[in-house]
There are 2 protein chains.
Amino acid sequence: MFEPSIRRGEKCGVAKPVSPRGLARTRVLDCAVALFAECGVHGTSLKMIAQRLGVSKAAVYYQFSSKEEIATEVLRPILEDVTRVIKIAEALPDWEARRAVACSGLVEMAIRHRQLAAVFVGDPAMPLIAPMELRAVTGELRKLLEGPEPDAQHRIAVAVFFAGMGNAVADPLLADIDDAELHGVLLDLSNRIVRPTTDGD
Amino acid sequence: MFEPSIRRGEKCGVAKPVSPRGLARTRVLDCAVALFAECGVHGTSLKMIAQRLGVSKAAVYYQFSSKEEIATEVLRPILEDVTRVIKIAEALPDWEARRAVACSGLVEMAIRHRQLAAVFVGDPAMPLIAPMELRAVTGELRKLLEGPEPDAQHRIAVAVFFAGMGNAVADPLLADIDDAELHGVLLDLSNRIVRPTTDGD
DNA sequence: GTCTATAAACAGATAGAC
DNA sequence: GTCTATCTGTTTATAGAC
């Protein structure tokens, strides 16, 4: 259930300052990710996190001052990744190039945060735990995928791909499929669903 | 559980049976649908339902004996629809025909239960509130879409379409798109994403 | 750093008044 | 039928012992 990870009596590479809270914080975060993915944010209590970790609730509260802080920290890596993708995409000259970058970036991100992707794209608690930043970048990303002045068909396609991919990577029924294969198939799907804005269609 | 349903004084012939509980029950159900869609099942409390309805919690408990009963009743129409689609599809001779029926049936169902679709396909509370029936039919439906001995690509495509469509129809950003147009685009998408098992691809 | 103990608010649910 | 009042358990969160 809980493994001291690496720190046993030995150095495991460089020095590693033993990180007074770093380790415990990481353990809490990892546990929270798993529970958020399984039960949703609203369906996960501090008690559940503490119990699965084999510690008391107070021990968790020592690391984080609130449930919201845990959720924020859990989502932070994904937020940073999306922000980076948007930055890169927006620097490009034309819409089609932006779309391509946003598309592949989104797929890569979904694979990297496989457990969390479903929380990011669809958890009902998202508007509450991510007041502005995350909602903003989500909107930006979708705009990049849609391109300028998208018609209904395009907007729907983007919505389907966005939510569909986020849920698919975390789908327990697809847990046996490894990251590499999933990545390839999703990229292919993204091209089938979210087309370039050239209306040769 | 217990519904005298129409019992008030007597005559309930034509003119509005006054439906002693029917109306209130329906109002609770409608309210619950909206809140489940907005906040998720775990994120919706009896208090929220009662407050939005302008009544007390006890008034809600008079109509339903538990939150689970509310959730079950809310999901019932969708369960019945899916069951019907599966029945029809399974009666067909070959896999391709089954897939086609399952596909169009699923789209139709998503449009009909636009608010609830996202709850059905992705709410973390689903495994709890729908012990066997709903999970079973969901699995059946996905099997019909996948066809016999599906490869990874096919399974992923089905997962993306299933969750993607369920979330898209309920997406607030797509609320301005009317049912008819959404229906058409989704049907088109379903053919682009979930292909027949003939591997002419 | 982690614990016990506890506060305060809120959840689901029931009893009984009107 | 709907309400007030209440019960019980759980939730988030804090204080202070070790």
Side-chain angles (χ1 to χ4, degrees), chain A residues 1-5 7-8 16-32 35-36 38-74 123-125 128-129, chain B residues 1-10 12 16-29 31-32 35-36 38-74 123-125 128-129 131:
Chain A
M1 192 66 91
F2 40 95
E3 67 287 346
S5 249
R7 186 87 35 279
R8 175 70 84 165
K16 218 63 177 300
V18 182
S19 173
R21 299 179 197 177
L23 184 61
R25 259 181 92 91
T26 303
R27 266 168 40 84
V28 171
L29 254 15
D30 287 346
C31 183
L35 282 168
F36 286 172
E38 187 186 343
C39 314
V41 176
H42 278 141
T44 301
S45 70
L46 275 298
K47 188 185 182 181
M48 289 163 74
I49 294 174
Q51 271 182 348
R52 181 173 291 204
L53 245 26
V55 301
S56 68
K57 276 191 297 175
V60 176
Y61 268 106
Y62 174 76
Q63 305 289 347
F64 299 91
S65 60
S66 68
K67 182 182 177 179
E68 193 181 339
E69 193 195 339
I70 296 178
T72 302
E73 289 302 306
V74 158
D123 196 291
L128 305 175
I129 61 181
Chain B
M1 198 65 88
F2 41 58
E3 71 286 346
S5 245
I6 285 223
R7 179 127 12 229
R8 167 67 98 168
E10 325 323 57
C12 55
K16 216 61 178 306
V18 182
S19 180
R21 294 169 205 181
L23 183 61
R25 258 182 94 92
T26 304
R27 263 166 44 83
V28 171
L29 254 16
C31 183
L35 282 169
F36 286 172
E38 187 185 345
C39 315
V41 175
H42 277 141
T44 301
S45 70
L46 275 299
K47 189 185 182 181
M48 288 163 74
I49 295 174
Q51 272 181 346
R52 181 173 291 204
L53 245 26
V55 301
S56 68
K57 275 194 297 175
V60 175
Y61 268 106
Y62 174 74
Q63 305 290 345
F64 299 92
S65 60
S66 70
K67 183 182 177 179
E68 193 182 336
E69 193 195 339
I70 296 177
T72 302
E73 289 302 308
V74 158
D123 196 291
L128 305 176
I129 61 180

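These figures come from a predicted structure and were not determined experimentally. Every chain is numbered from 1, with letters handed out A, B, ... down the list of sequences.
Within the 4.0 Å cut-off from OP1 or OP2 of C:dT2, not a single side-chain nitrogen or oxygen of A:Tyr62 is found. OP1 or OP2 of C:dG12 has not a single side-chain nitrogen or oxygen of B:Ser66 nearer than 4.0 Å. An OP1 or OP2 oxygen of D:dG1 is reached within less than 4.0 angstrom by no side-chain nitrogen or oxygen of B:Gln63. Taking 4.0 angstrom as the limit, B:Ser56 places none of its side-chain polar atoms (N or O) nearer than this to OP1 or OP2 of D:dT2.
Listed here is the closest heavy atom pair of A:Thr72 and A:Ile129: OG1-O, 3.9 Å. Closest heavy-atom contact between A:Lys67 and A:Leu46: CB-CD2, 3.5 Å. Considering all non-hydrogen atoms of both residues, B:Cys39 and B:Met48 come closest at SG-CE, 3.8 Å.
Considering only side-chain atoms of B:Lys67, the nucleotide from C:dC3, C:dA13, C:dA15 that sits closest is C:dA13. Closest to the side chain of B:Ser45, from the set C:dA11, D:dT2, D:dC3, is C:dA11. Of the listed nucleotides (D:dT11, D:dC3, C:dT4), D:dT11 has the atom at the smallest distance from the side chain of A:Lys57. The side chain of B:Lys47 lies closest to C:dA11, out of C:dT2, D:dT14, C:dA11.
One interatomic measurement links the two molecules: OH of A:Tyr61 to P of D:dA17, which rounds to 21 Å at whole-angstrom precision. Taking atom CG of residue A:Leu46 and atom C1' of nucleotide C:dA11, one finds them 16 Å apart after rounding to whole Å. In this entry the distance linking CD1 of A:Ile49 with C1' of D:dT10 reads 15 Å, nearest Å. Counting to the nearest Å, the P atom of C:dG1 and the CG atom of A:Leu53 are 16 Å from each other. Atom CZ in A:Phe64 sits about 14 Å away from atom P in C:dG1, given to the nearest Å. In this structure, the NE2 atom of A:His42 is 13 Å from the C1' atom of D:dT12, given to the nearest Å.
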- Under the side-chain contact (heavy atoms from CB on, under 4.5 Å) rule, what do A:Ser66 and A:Ile70 come out as? Steps first, then yes or no, please. CA-CA 7 Å; A:Ser66 68; A:Ile70 296 178; over 6 Å; no

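With hydrogens and angles disregarded, no donor-acceptor distance shorter than 3.5 Å links the side chain of B:Glu73 to the backbone of B:Glu69.
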